[in-house]
Amino acid sequence: MLYICTIEMEFELVKIKNLCNENVSVYTLLDTNSGVTLFENFLKENKDAYPIEVKDIVKRLMSFKEVGTREIYFKINEGKPGDGVCALYDEEQSNLRLYCIRYGTVLVILGSGGHKSKNTRALQETKKLEDENQIMRNLSAEIEKRRKDGDIIFSKNFLDIEGDLIFNF
């Protein structure tokens with residue numbers, strides 16, 4: 001079941017070129033109305049309150065060009081089993097979460113996220129985190145549906161996603 005939102009927004013899946021090379025690809029969702037990506041919004045929302053964590057997350061993303069999107073950098077199983085939804089953080093004790101969809105060690109789609117205090121056991125206890133996570137769950141389900149229907153394909157090296165990359169949530 002897809003998350004029902006009262007305000008539907010249109011997004012386009014776009015590659016973040018400065019985080020990509022011949023070994024890894026990083027995508028995010030661009031809000032076609034505002035022209036701002038979910039990842040840019042995440043950075044803007046958190047840079048003042050959590051500057052060190054934001055800097056470390058960006059550094060981790062840059063390291064993907066050398067080491068790939070290794071599982072050790074993510075809290076996996078943040079969605080439904082097998083949907084690839086996970087959370088990226090700089091250090092395990094970090095309170096800042098960036099929700100993603102991880103496809104092996106070569107491709108990741110960045111969403112948004114936010115602060116998760118140590119007193120919060122589950123993301124569902126924080127509306128912002130629940131909403132951001134749900135967007136990634138919806139995206140994962142829709143990508144899988146379109147892949148099965150032939151409307152989206154992954155390149156042979158799994159670095160590119162092609163086809164119908166416009167989504168409404």
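Note that the structure is predicted; figures quoted are calculated from it, not measured.
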Asker: Quick check for you: to the nearest 0.5 Å, what is the distance between Glu162 atom CD and Asp151 atom CG?
Answerer: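 Rounded to the nearest 0.5 Å, the CD-CG separation comes out at 13.5 Å.
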Asker: I'd like to check the ring pair (Phe, Tyr, Trp, His ring centres under 6.0 Å) partners of Phe154; sequence neighbours left out, ordered by chain and number.
Answerer: Tyr103, Phe158
Asker: I'd like to know whether CG of Asn18 has more than 12 heavy-atom contacts from other residues, nucleotides or ligands below 6.0 angstrom.
Answerer: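 Above 12, so yes.
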Asker: Side chains of Asn138 and Glu142: is there a donor and an acceptor less than 3.5 Å apart?
Answerer: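 Absent: no donor and acceptor within the cut-off.
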Asker: Using atom types as modelled and distance alone, determine if a side-chain donor or acceptor of Arg147 lies under 3.5 Å from a backbone N or O of Asp149.
Answerer: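 Judged by distance alone, no pair lies under 3.5 Å.
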Asker: I need the Asp31 CG to Leu29 CG distance, nearest 0.5 Å.
Answerer: 9.5 Å
Asker: Quick one: CD1 on Ile166 to CG on Leu13, what's the gap to the nearest 0.5 Å?
Answerer: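 Between Ile166 CD1 and Leu13 CG, I get 9.0 Å after rounding to 0.5 Å.
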Asker: Counting only heavy atoms from other residues, nucleotides and ligands, does the tally under 6.0 Å from NZ of Lys75 exceed 12?
Answerer: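 Atom NZ in Lys75 is not crowded, with 12 or fewer foreign heavy atoms closer than 6.0 Å.
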Asker: Linking Ile, Leu, Val, Met, Phe, Trp and Tyr through side-chain heavy atoms less than 4.5 Å apart, which residues share a cluster with Val36?
Answerer: none
Asker: To the closest 0.5 Å, what do you measure between CG (Leu38) and OG (Ser112)?
Answerer: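 The distance works out to 6.0 Å.
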Asker: Backbone N or O of Asp83 within a donor-acceptor pair of the Ser140 side chain at under 3.5 Å?
Answerer: yes
Asker: Out of Thr69, Leu96, Ile57, which one pairs with Leu88 under the side chain to side chain contact (heavy atoms under 4.5 Å, CB included) rule?
Answerer: Ile57
Asker: Consider only side-chain heavy atoms of I, L, V, M, F, W and Y, link residues closer than 4.5 Å, and tell whether Leu43 and Val108 are in one cluster.
Answerer: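 Same hydrophobic cluster.
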Asker: Do Glu12 and Thr32 have side-chain N/O donor and acceptor atoms under 3.5 Å apart?
Answerer: no
Asker: Could you list the residues that satisfy ring pair (Phe, Tyr, Trp, His ring centres under 6.0 Å) with Tyr50, not counting sequence neighbours?
Answerer: His115
Asker: Between Arg137 and Tyr99, is NZ or CZ placed under 6.0 angstrom from the six-membered ring centre and within 45° of the ring axis?
Answerer: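 Not flagged: Arg137 not positioned over aromatic ring of Tyr99.
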